[in-house]
Amino acid sequence: MTTYKQILLAFDFSDETDFLIKRASEMAFLNNAKISLVHILDNIPMPDMSYGTIIALNDETDSALLEQQKNKCNEIGKFLNVPETQRWLIWGNPKDEICALATQENIDLIIVGSHARHGLALLLGSTANGVLHHAPCDVLAVRLATK
Ligand code: AMP
């Protein structure tokens with residue numbers, strides 16, 4: 001039987017993230033797999049790299065938000081025993097960056113949350129849907145309570 005060896009958990013900061021973490025932990029245990037973590041920074045403007053700094057954010061709110069997201073990522077990483085080198089915070093579009101990272105890291109299973117959507121929300125699409133259609137590997141879309 002094929003098992004997964006490299007699992008990528010893509011998380012946002014919604015209330016349901018704990019449920020996703022539990023699922024990722026179970027999948028890793030059942031498959032004896034390694035976990036990588038990714039959060040895409042799609043709500044903080046990208047710093048201006050032309051000034052040669054890694055994080056030169058525009059104002060204190062952005063820096064505070066980034067710090068908060070880093071802390072959360074590290075918290076989840078410690079809980080799941082994910083080495084620091086496998087905890088990713090990336091600027092960009094969630095669907096594109098999650099799929100690109102999966103290719104780069106030879107991921108064989110991406111775990112994302114999925115909300116049951118209807119009507120306009122369905123037309124607008126979702127991160128889970130985007131990942132499902134562009135991923136280079138299997139995707140586990142964990143059904144979450146509707147927002
Ligand atoms: P959404 O469709 O945007 O409500 O999100 C569904 C799932 O996509 C979430 O439960 C996460 O697994 C993933 N996701 C959404 N936004 C991000 C993000 N910025 N970074 C990483 N994963 C995300």
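As the structure lists them, so they are numbered: ligands from 1, and atoms in each ligand from 1.
The main-chain N or O of His115 is never found under 3.5 Å from a side-chain atom of Arg143 such that the two would form a donor-acceptor pair. Asn31 contributes no side-chain N or O that, together with a main-chain N or O of Thr3, makes up a donor-acceptor pair within less than 3.5 Å. The backbone N or O of Leu8 sits nowhere less than 3.5 Å from a side-chain atom of Ser36 that would complete a donor-acceptor pair.
Considering both main-chain and side-chain atoms, Ser114 never comes within under 3.5 Å of ligand 1 through any nitrogen or oxygen pair. Residue Gly113 places at least one N or O, backbone or side chain, under 3.5 Å from an N or O of ligand 1. For ligand 1, the polar-atom distance check finds an N/O of Ile40 within less than 3.5 Å of one of the ligand's N/O atoms. Taking only nitrogen or oxygen atoms, main chain and side chain alike, Ala10 reaches within less than 3.5 Å of ligand 1.
The distance from the CG atom of Asp18 to the CZ atom of Phe79 is 8.0 Å, given to the nearest 0.5 Å. Interatomic distance, SG of Cys73 versus CZ of Phe11, reported as 4.0 Å (0.5 Å rounding).
In this structure, Leu101 and Ile90 have side chains that are in contact, with non-hydrogen atoms separated by less than 4.5 Å. Residues Cys137 and Ile110 are in side-chain contact: their nearest non-hydrogen atoms beyond the backbone lie under 4.5 Å apart.
Contact annotation: for Leu20 versus ligand 1, heavy atoms closer than 4.0 Å belong to the side chain alone. With a 4.0 Å heavy-atom cut-off, ligand 1 is reached by the side chain of His115 but not by its N, CA, C or O. No part of Leu41 comes within 4.0 Å of ligand 1, judged by heavy-atom distances.
Contact analysis puts Leu144 in contact with ligand 1, with a non-hydrogen atom separation below 4.0 angstrom. In this structure, Asn129 falls outside the shell of residues with a heavy atom less than 4.0 angstrom from ligand 1.
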